[in-house]
Amino acid sequence: MEGSTQASAPVQAAYSYCEAVTGRQARNFAYGIRLLPTDKRQAMSALYAFSRRVDDIGDGELAPDAKRNRLESTRDVLERIRRGTVQEDDTDPVAVALADAARRFPLPLAGLDELIDGVLMDVRGETYETWDDLKVYCRCVAGAIGRLSLGVFGTQPGARGVERAAEYADTLGLALQLTNILRDVREDAANGRTYLPADDLAKFGCSAGFHTATPPPGSDFAGLVHFEVRRARTLFAEGYRLLPMLDRRSGACVAAMAGIYRRLLDRIERDPEAVLRGRVSLPGREKAYVAVRGLSGLDARHITRQTLRGRV
């Protein structure tokens, strides 16, 4: 349950640090969590700051062995949080904030272990033959974050189908991650990574990869992108079933974050080759517009109606 006591000055300072990290580095995530009340916004910032630390290790310039050591050290911090041994005067503000959030909210902290496992898959350079294989990775790096976020949001008393809330949160994370993968195909290729399933690449003649600003010769790159967009839309439709189970501001947060990614997906669908020319993104004013619609409840109500009718 949420705690009602006021956090101490050291804990507030730790949360402020995490919120600064979130505001500075979370291109899309920050627009949604701004819509939350203070306690939930702080908890989500702590989750983001810890997750950002893990991701930065995976994306950094260290040698693989050094990355593995750093990731295991991060897992040690998580274990201290789990045991409740992080003190308020600890020198790690992310640990302090996340420890407090874990006391206030029922966070499934094992999800952060899954995130570390997923980044270790990156360090090992794993590739994925099928969508089922890729789903394992996506559940680690994104589905787990969805489930952790649900621990902060909570569900409405008496909400129908609430026993599937964690499943829907997980699926929404998969939808966001697949959108990320489509957006970043060339950037990932430049870093020696290919995430899209090998089966899909072969089906559309794209096994040669995405190292240039034009599709591989003889490929049906647009067909590949449209195929993956349809898969992402199916995941969004399933994940959006979570929205009626959330309170107004938590639902607004989810609707805003997911709405930004759906608009990215729309842009990618309209111009598939744009992802080979550079990173597809939304201007800040459009993200702010989506966030306002989320807070007003317009998108949540519209998406809920479409989902129930099977039209998302």
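Source: prediction; values computed, not measured.
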Can you find a pair of side-chain heavy atoms, one from [X] and one from [Y], that are under 4.5 Å apart?
X: V86; Y: V96; result: yes
X: L150; Y: L242; result: yes
X: L62; Y: N69; result: no
X: L276; Y: T214; result: no
X: E19; Y: I33; result: no
X: Y195; Y: V185; result: no
X: M44; Y: L47; result: yes
X: Y48; Y: I145; result: no

*asked:* Which residue is it: L120, L78, L71? I am looking for the one with a side-chain contact (heavy atoms from CB on, under 4.5 Å) to V54.
replied: L71
At their closest point, which heavy atom of [X] faces which heavy atom of [Y], and how far apart are they?
X: P64; Y: V123; answer: O-CG1, 3.8 Å
X: A208; Y: H211; answer: O-CD2, 4.2 Å
X: A102; Y: I81; answer: CB-CG2, 4.4 Å
X: L201; Y: L196; answer: CD1-O, 3.8 Å

*Find out if a path of hydrophobic residues (ILVMFWY) with successive side-chain heavy-atom gaps under 4.5 Å connects F153 to V162.*
no
*Mind running side-chain contact (heavy atoms from CB on, under 4.5 Å) on M245 and Y168 for me, showing each step along the way?*
CA-CA 10 Å; M245 304 176 189; Y168 295 142; 3.5 Å; yes
_Criterion side-chain contact (heavy atoms from CB on, under 4.5 Å) on R249 and K40, from CA distance to verdict_ = CA-CA 10 Å; R249 291 177 72 174; K40 292 185 178 183; over 6 Å; no
Does any N or O in the side chain of [X] come within less than 3.5 Å of the main-chain N or O of [Y], such that one atom is a donor and the other an acceptor?
X: N191; Y: E187; answer: yes
X: T85; Y: R80; answer: yes
X: Y15; Y: A101; answer: yes

Does a sphere of radius 6.0 Å around [atom1] in [X] hold more than 12 heavy atoms from other residues, nucleotides or ligands, not counting ones at 6.0 Å or beyond?
X: Y17; atom1: OH; value: no
X: R70; atom1: CZ; value: no
X: R83; atom1: CZ; value: yes

_Interatomic distance, R147 atom CZ to L172 atom CG [nearest 0.5 angstrom]_ = 12.5 Å
*Value rounded to 0.5 Å, distance of CG in L235 from CG in L176*: 10.0 Å
*Indicate whether any N or O donor in one side chain lies under 3.5 Å from an N or O acceptor in the other, for E238 and T171.*
no
_Stepwise side-chain contact (heavy atoms from CB on, under 4.5 Å) test for R262 and Y240_ = CA-CA 12 Å; R262 285 187 73 221; Y240 275 139; 2.6 Å; yes
*Under 6.0 Å between the ring centres of F210 and F221?*
yes
_Sidechain N-carboxylate O distance under 4.0 Å for K135, D132_ = yes
_Residues D117, R139: salt bridge by 4.0 Å N-O rule_ = no
*For side-chain contact (heavy atoms from CB on, under 4.5 Å), just list the numbers for R164 and R241, CA-CA rounded to whole Å, side-chain angles, deciding distance to a tenth of an Å, and then say yes or no.*
CA-CA 9 Å; R164 298 188 66 185; R241 294 181 182 274; over 6 Å; no
Pairing residues for [X] by the side chain to side chain donor-acceptor pair (under 3.5 Å) criterion, not counting sequence neighbours:
X: T130; result: D133
X: D89; result: none
X: D200; result: R231

*Go through the steps for D266 and R233 under the test salt bridge (charged side-chain N to carboxylate O under 4.0 Å, His left out), then give the verdict.*
CA-CA 10 Å; D266 290 343; R233 290 196 190 286; 2.8 Å; yes
